[in-house]
Amino acid sequence: MSSRFRRHAVYLSVAAMIPVISGAARVVGKELPLSKPAAASANDNRKPAGQLSRGVLTIHLDARETMFYPEGQEAPGIPVYGFAETGRNVSIPGPMIRVPAGTEIHATVRNSLPKMIRLRGLEDRAGAVLDTFDIEPGATRELSFRANTPGTFYYWGRTEGSRAGRNPTTDSQLMGAFIVDQAGTKPNRHERVMVMTLFEDTLRTIPKPDEKEVFAINGLSWPHTERLDYQVGDTVKWRVINFTVAPHPMHLHGFHFDVNSKGDAGRDTIYTARQRRKAVTESMLSGRTLSMTWVPTRPGNWLFHCHLIYPINASLKIGEAAHRGHGPAVASNHAEEGMSGLVMGIHVRPKTGVGILPEPPARRHLRLYVNERPNVYGSKPGFAFILQNGPQAPARDSITTPSSTVVLTKGEPTEIMVINHTSQMASVHWHGIELNSLYDGVSDWSGWQKRTAPVIAPNDSFAVHLTPDRSGTFIYHTHSDETVQLTSGLYGPLLVLDKGTDRDSTERILLMGDGGPVPRSPSFFNGKASPDDINLSANTRHRLRLINISAGATKRVRLLADTALSVWRPIAKDGAALPPLQATTRPAEFFLMPGETYDVEVTRPGAQELTLEVTTMPRGQPIINRIPVHVKAGGS
């Protein structure tokens with residue numbers, strides 16, 4: 001991985017989580033490898049591979065060399081390995097195997113690669129450990145097993161490195177989805193399977209060979225990924241597979257979704273109705289899977305993307321667009337020119353005969369300024385969103401870190417006039433808020449048909465209308481030139497309160513962000529590299545609102561009594577209340593990825609000294625911040 005991404009993300013090897021193929025396997029012959037790579041096809045995972053007849057699936061797979069075209073064949077290709085059905089082109093990802101539980105699977109796998117392949121994942125998931133077998137170049141093996149265990153899985157091959165896991169070069173696309181449906185059920189007609197992959201190496205197929213990281217979903221990188229089309233009221237189910245060596249917090253704009261299951265290559269934990277929770281951003285570690293359901297209630301254009309900044313940055317593009325530059329100049333078409341990689345575009349059509357409803361008249365009016373001050377981070381500027389208090393606008397160069405806390409009321413129609421006093425293009429994404437698409441904050445994308453959200457030019461403004469549907473802890477942040485603007489201060493907490501309530505003196509916000517756009521910039525906590533102590537009262541329920549809006553750093557958050565874990569009670573994620581089975585007192589530790597919020601309750605019976613430990617998890621040496629927490633008897 002390039003140093004730009006390494007410093008943000010925590011990586012877990014697939015091999016560390018994934019065992020490996022059971023069933024009967026045997027060598028049945030040898031073939032010569034293909035002499036010239038052919039172009040791979042992008043696989044949208046809509047059509048299962050093989051032939052299914054009377055409860056038996058027969059499938060013939062072939063591992064081959066191929067050329068990977070994540071930006072279409074007008075852009076450079078990447079030499080990789082991939083799977084194909086015998087007699088057909090390689091597809092990336094490989095052919096999807098999808099069967100009802102109880103299906104007998106008869107597979108042959110031919111190795112047409114110049115190297116031995118170690119194959120994993122083609123077996124039932126009832127066992128604790130997956131098996132493995134090797135296929136020599138030119139050899140073919142047969143495999144038979146019954147797929148009894150429902151879930152979202154995948155199969156994959158390995159030729160390089162330690163052979164225990166997988167590398168992000170030639171093997172990076174050598175996999176396919178393996179879905180086992182509950183017996184007696186049929187896939188939802190709006191169900192899709194999305195496979196995320198990552199190639200990383202020096203590309204000699206582009207004019208200037210350079211280390212490149214190429215992220216793709218179903219074999220394509222944004223803006224070349226498929227557009228998903230739905231209608232208001234559809235029940236949408238997605239299965240997402242993270243086959244990259246990096247974690248990804250996957251964020252859906254505009255809607256909460258239900259988390260139906262989470263798993264890895266070896267197992268899938270399917271939740272009951274009482275266990276399911278809602279989210280707008282869900283963390284996916286390397287090698288993990290996610291099943292989710294959501295219902296679009298408002299028409300418009302929306303996005304589903306990784307909330308780490310680097311995997312969606314336009315600098316990753318390898319085609320002609322890669323040489324156009326990136327930054328404020330292309331911010332006016334931010335979605336298609338300012339983003340790349342792990343992004344899916346969504347179009348939600350209105351119901352037949354129903355237009356987009358007008359916004360109710362605003363009962364509250366706010367003015368939010370986008371401000372800039374030079375030379376805050378060395379020679380680079382700092383930015384902030386500043387709410388106007390009183391009749392006078394704030395000074396154009398006044399900034400605070402973090403930005404102003406925006407407090408809204410559930411069910412109250414509100415207008416927020418966003419005024420750009422910076423030298424750059426600006427936008428605001430209201431992360432986790434259910435609102436009209438036009439106000440979602442992605443310039444030239446949010447909205448519907450010919451009416452899309454404009455970028456806010458210097459000295460211009462845009463009126464945002466929203467009526468929050470739920471109370472909770474949310475975030476607002478820039479959706480323009482994030483590598484500069486987000487890391488330099490354009491983020492803040494967004495709280496929605498129930499009608500008739502005010503902010504409670506027992507709540508505490510811990511906002512985790514970045515301290516500037518420079519390499520290895522410090523982690524900021526409520527705007528400081530060295531955060532203030534936290535004071536709590538004994539025998540009082542305190543609500544900690546934990547927010548991670550850093551550009552790429554996973555945070556491990558722990559509440560310690562001396563060196564031992566204390567306890568807390570999680571009560572909400574991404575502004576949605578947790579189900580009773582999950583809102584229970586438990587050891588005070590969890591990982592928080594960018595774009596996630598958690599609310600927890602802390603109650604201590606007496607005076608006590610605690611420590612809130614926040615570990616920033618880049619690759620390499622973790623960075624640990626310890627915040628003293630003083631629990632005092634008789635008041636805070």
Notebook entry, point to check: Between Glu596 (side chain) and Met593 (backbone), is there a donor-acceptor pair under 3.5 Å?
Noted result: yes
Next item on the list: For this output row, return yes or no: ring centroids of His429 and His251 closer than 6.0 angstrom.
Entry: yes
Next item on the list: Identify the two heavy atoms, one from Gly432 and one from Phe474, that lie closest to each other, and give their separation to 0.1 Å.
Entry: O-CE2, 3.5 Å
Next item on the list: Applying side-chain contact (heavy atoms from CB on, under 4.5 Å), name anything that partners Ser261, two or more places apart in sequence or on another chain.
Entry: Asp268, Ile270, Ser291
Check: Pick one: which of Asn301, Leu435, Leu303 meets side-chain contact (heavy atoms from CB on, under 4.5 Å) with Asp440?
Finding: Leu435
Check: How about Phe199 and Phe215: are their ring centres within less than 6.0 Å of each other?
Finding: no
Check: Roughly how far apart are His248 NE2 and Leu285 CG, rounded to 0.5 Å?
Finding: 10.5 Å
Item checked: Arg586 and Thr584 side chains, donor-acceptor separation under 3.5 Å -> yes
Next item on the list: Using distance alone, with no hydrogens and no angle criterion, decide if Thr66 and Arg64 have a side-chain donor and acceptor under 3.5 Å apart.
Entry: no
Margin query: For the residue pair His106 / Thr58, report whether a side-chain donor-acceptor contact shorter than 3.5 Å exists.
Written below: no
Next item on the list: Show your reasoning for whether side chain to side chain contact (heavy atoms under 4.5 Å, CB included) applies to Val80 and Ser172.
Entry: CA-CA 7 Å; Val80 295; Ser172 63; 4.3 Å; yes
Next item on the list: With sequence neighbours excluded, tell me which residues meet ring pair (Phe, Tyr, Trp, His ring centres under 6.0 Å) with Phe304.
Entry: Trp238
Margin query: Is a donor from one side chain sitting under 3.5 angstrom from an acceptor on the other, for Tyr310 and Glu213?
Written below: yes
Next item on the list: Answer yes or no: is there a donor N or O on one side and an acceptor on the other, between the side chain of Asn89 and the main chain of Ser41, under 3.5 Å?
Entry: no
Note to self: I'd like to know if the side chain of Asp574 and the backbone of Thr281 have a donor-acceptor N/O pair within less than 3.5 Å.
What the structure shows: yes
Check: Is a side-chain donor-acceptor pair under 3.5 Å present for His347 with Asp229?
Finding: no
Item checked: CD on Glu71 to OG on Ser221, rounded to 0.5 Å -> 6.0 Å
Next item on the list: Walk me through it: do Glu482 and His479 pass the test side chain to side chain donor-acceptor pair (under 3.5 Å)?
Entry: CA-CA 6 Å; Glu482 293 93 336; His479 223 294; 3.3 Å; yes
Check: Does Gly176 offer a backbone N or O that forms a donor-acceptor pair with the side chain of Trp156 under 3.5 Å?
Finding: no
Note to self: As an exercise, state the distance from CZ of Phe243 to CE of Met196, rounded to the nearest 0.5 Å.
What the structure shows: 12.0 Å
Next item on the list: Keeping the roles fixed (side chain from Asp62, backbone from Glu85), state whether a donor-acceptor pair exists under 3.5 Å.
Entry: no
Item checked: Arg125 to Phe153 six-membered ring, cation-pi geometry met (6.0 Å, 45°) -> yes
Notebook entry, point to check: Ignoring hydrogens and geometry, is there a side-chain-to-backbone donor-acceptor pair from Arg298 to Gly254 under 3.5 Å?
Noted result: yes
Check: Under 3.5 Å, is there a donor-acceptor pair between the His253 and His305 side chains?
Finding: yes
